[in-house]
Colleague: 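Handing you this structure, nothing more for now.
Note on naming: letters A, B, ... go to the chains in the order of the sequence lines (proteins, then strands), and numbering restarts at 1 for each one. Everything numeric here is computed off the predicted structure, so don't read it as measured data.
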Amino acid sequence: MQVGTFELLNKSGEARRGTFQTAHGAVQTPVFMNVGTAGAIKGAVDAFDLQEVGCQVELSNTYHLHVRPGDQVVRQMGGLHKFMRWEGPMLTDSGGFQVFSLSELRKIKEEGVYFHSHVDGRKIFMGPEESMRIQSNLGSDIAMAFDECVENPATYDYVKASVDRTTRWLHRCKEELARLNAKEDTVNRQQLLFGINQGGTYDDLRIQHMQEIAEMDLPGYAIGGLAVGESHDVMYHILDTVLPHAPVHKPRYLMGVGTPSNIIEAVARGVDFFDCVMPTRNARHGHLFTWNGIINIQNAKYQTDDRPIEEGCGCPTCRSFSRAYLRHLLRAGEMLSQRLLVLHNLWFYNHLMERIRTEIEQDTFEAFRAQYSAVLAKRI
RNA sequence: GGGAGGUUUCCCGAGUGGCCAAAGGGGACAGACUGUAAAUCUGUUGUCUAUGACUUCGAUGGUUCGAAUCCAUCACCUCCCA
């Protein structure tokens with residue numbers, strides 16, 4: 001199947017089961033992409049571990065890898081796949097989120113964004129062309145458009161001006177990537193570009209923007225600027241509003257989301273791709289996902305609990321280690337705790353997605369959603 | 001035997017007359033975290049019949065309107081000289 005093709009296999013309500021083809025293999029959707037921002041999953045987890053916990057797509061970041069070690073270095077080392085030894089599909093985020101998260105350290109202009117490096121303070125310019133060149137040097141399978149992720153709430157006028165600029169930037173991204181993919185010495189000449197829908201919490205801006213970018217016939221479309229300050233209800237409302245205007249035969253990626261419950265709710269609305277730092281970051285902080293809800297392994301009640309994090313879980317951690325031991329490791333500040341806890345959470349997320357795919361195939365997704373959406377968000 | 005310094009709330013440690021239930025760490029107990037500036041950040045941490053009261057700064061006694069802080073005696077610890 002041709003790279004960039006999205007095949008819709010089944011539907012269960014609005015939930016979609018599909019396959020997306022990349023230069024490094026097919027992705028079964030809905031999918032959760034495992035976040036390894038700087039070319040490594042935080043918590044001492046490597047690419048081989050990712051395979052073991054069921055990861056399909058690895059996600060890294062343009063800004064971080066540009067700052068360190070430098071995208072030219074990665075290119076010289078044969079691209080990010082080879083560099084980090086991940087052979088599967090890979091997506092790179094464009095640096096657009098850093099326009100939001102490093103708001104203290106940047107200035108936005110029409111040509112692009114001026115950052116002060118969070119590492120050494122030096123000035124960095126990144127515009128659509130720079131972002132595409134960096135992502136091309138990294139050689140990921142999916143490059144994200146360079147956008148401005150606007151925080152919520154923001155004024156209508158600000159969001160409108162920002163979205164218009166993001167659209168102009170998207171045209172520049174598309175042109176630049178086409179130029180780069182045409183070059184013979186490009187690391188991954190089949191790199192695909194996903195556009196990103198913005199518009200804050202304003203229905204008309206969201207719809208108008210989605211319609212504009214849908215016309216560009218890109219291989220995939222992301223919804224950005226959500227889970228950045230608004231309530232879940234508002235986020236779901238935006239999905240309900242925007243997704244009917246997204247192309248049916250292209251994958252939809254909800255950027256940076258979210259909790260297991262958020263994912264189930266978004267799948268129910270027709271989202272295919274997800275990513276989030278939550279399973280990794282929260283694992284490092286002792287916050288673990290199970291099919292019965294969320295546990296905090298630091299709690300005193302686990303001091304002598306000989307059970308695994310979750311009975312019956314097949315992850316490398318649950319196969320061998322008790323809650324009591326994991327609690328001890330975390331509280332003692334042992335690095336091993338991070339690794340073991342992250343492996344569990346990533347396994348959970350990846351297997352949650354596998355379960356979702358099965359439920360859609362069997363057209364039982366609604367019952368699954370009814371049973372688990374709330375349970376998974378519960379703290380136990 | 002002589003001299004000097006010390007003993008503070010779970011631990012370390014600040015505090016030398018009222019603004020002290022007592023800084024700051026640590027530990028403990030909880031919480032937050034959504035395209036990762038996050039092995040980070042936040043709250044609580046003497047007791048209670050709880051916008052107040054009571055007990056607590058080695059022990060006992062004293063000075064003072066008022067003492068963790070000043071005085072006396074005792075106990076224990078550390079260092080120096082014999």
Colleague: May I ask you to decide if the ring planes of A:Phe348 and A:Trp291 are parallel, tilted or perpendicular, using 30° and 60° as cut-offs?
Modeller: tilted
Colleague: Which whole number of Å gives the distance between the P atom of B:U69 and that of B:U9?
Modeller: 14 Å
Colleague: Does the plane of the ring in A:Phe194 sit parallel, tilted or perpendicular to the ring in A:Phe273? Use 30° and 60° as the thresholds.
Modeller: perpendicular
Colleague: Counting only Watson-Crick pairs (N1-N3 plus N6-O4 or O6-N4) and G-U wobbles (N1-O2, O6-N3), all under 3.5 Å, who is the partner of B:G46?
Modeller: B:C54
Colleague: What does A:Gln198 touch in the nucleic acid at a heavy-atom separation under 4.0 angstrom: a base, only the sugar-phosphate, or nothing?
Modeller: base
Colleague: I want to confirm an ordering. Mapping A:Asp275 and A:Arg281 to their closest nucleotides on RNA chain B, which one lands closer to the 5' end?
Modeller: A:Asp275
Colleague: Can you classify the ring geometry of A:Tyr372 versus A:Phe368 as parallel (below 30°), tilted (30 to 60°) or perpendicular (above 60°)?
Modeller: tilted
Colleague: Using the C1' atom in both, what is the distance from B:G31 to B:G35, to the nearest Å?
Modeller: 25 Å
Colleague: Can A:Gln135 and A:Ser131 be counted as having a side-chain donor-acceptor contact under 3.5 angstrom?
Modeller: yes
Colleague: Assign A:Gly333 to base, sugar-phosphate, or nothing according to its heavy-atom contacts below 4.0 angstrom with the strands shown.
Modeller: nothing
Colleague: Touch check for A:Leu105, heavy atoms < 4.0 angstrom, all strands: base, sugar-phosphate only, or nothing?
Modeller: base
Colleague: What residues form a side-chain contact (heavy atoms from CB on, under 4.5 Å) with A:Val187, not counting sequence neighbours?
Modeller: A:Arg75
Colleague: Taking atom C1' in both B:G27 and B:C10, what distance in whole Å separates the two?
Modeller: 8 Å
Colleague: Using the C1' atom as the point on both nucleotides, what is the distance between B:U7 and B:A59, in whole Å?
Modeller: 11 Å
Colleague: Looking for any heavy atom pair under 4.0 Å, which part of the strands does A:Ile196 touch: base, sugar-phosphate only, or nothing?
Modeller: base
Colleague: Which base, if any, makes a Watson-Crick or G-U wobble pair with B:U60, both distances under 3.5 Å?
Modeller: B:A72
Colleague: For a quick check of understanding: with a heavy-atom distance under 4.0 Å over all strands, which category does A:His232 fall into, base, sugar-phosphate or nothing?
Modeller: base
Colleague: With no hydrogens and no angle check, just 3.5 Å: does a side-chain donor-acceptor pair link A:Tyr325 and A:Asp306?
Modeller: no
Colleague: Does a donor on one side chain sit under 3.5 Å from an acceptor on the other, for A:Glu148 and A:Thr166?
Modeller: no
Colleague: For A:His287, report the nucleic acid contact type (base, sugar-phosphate, nothing); a contact means any heavy atom under 4.0 Å.
Modeller: base
Colleague: Any base atoms under 4.0 Å from A:Ser117, or only sugar-phosphate, or nothing? Heavy atoms, all strands.
Modeller: nothing
Colleague: So which one's nearest nucleotide on RNA chain B is more toward 5', A:Asn299 or A:Gln338?
Modeller: A:Asn299
Colleague: Between B:C70 and B:C57, how far apart are the two C1' atoms, rounded to whole Å?
Modeller: 16 Å
Colleague: Taking only the C1' atom of each, what is the distance from B:A38 to B:U44 in whole angstrom?
Modeller: 23 Å
Colleague: Going 5' to 3' on RNA chain B, which nucleotide is the first and which the last to come under 4.0 Å of a heavy atom in chain A?
Modeller: B:A28 to B:U40
Colleague: When you check the gap from the basic side-chain N to the acidic O, do A:Asp305 and A:Lys301 get nearer than 4.0 Å?
Modeller: no
Colleague: For B:G17, give its Watson-Crick or G-U wobble partner with both distances under 3.5 Å, or none.
Modeller: none
Colleague: Write down the distance separating the C1' atoms in B:A28 and B:U60, rounded off to the nearest Å.
Modeller: 34 Å
Colleague: When the ring planes of A:Phe289 and A:Tyr349 are compared, do they come out parallel, tilted or perpendicular, using 30° and 60° as the limits?
Modeller: perpendicular
Colleague: Looking at B:A67, which nucleotide sits across from it as a Watson-Crick or G-U wobble partner, both distances under 3.5 angstrom, or is there none?
Modeller: none
Colleague: With a 4.0 Å cut-off on heavy atoms, is A:Asp147 in touch with a base, just the backbone sugar-phosphate, or nothing at all?
Modeller: base
Colleague: If you measure from the P atom in B:C48 to the same atom in B:U55, how many Å do you get, rounded?
Modeller: 15 Å
Colleague: Determine the contact category for A:Arg339: base if any of its heavy atoms lies under 4.0 Å from a base atom, sugar-phosphate if only primed atoms, P, OP1 or OP2 are that close, otherwise nothing.
Modeller: nothing
Colleague: With both distances under 3.5 Å as the test, what is the Watson-Crick or G-U wobble partner of B:C33?
Modeller: none
Colleague: What is the pairing partner of B:U78, taking Watson-Crick or G-U wobble pairs with both distances under 3.5 Å in any strand?
Modeller: B:A4
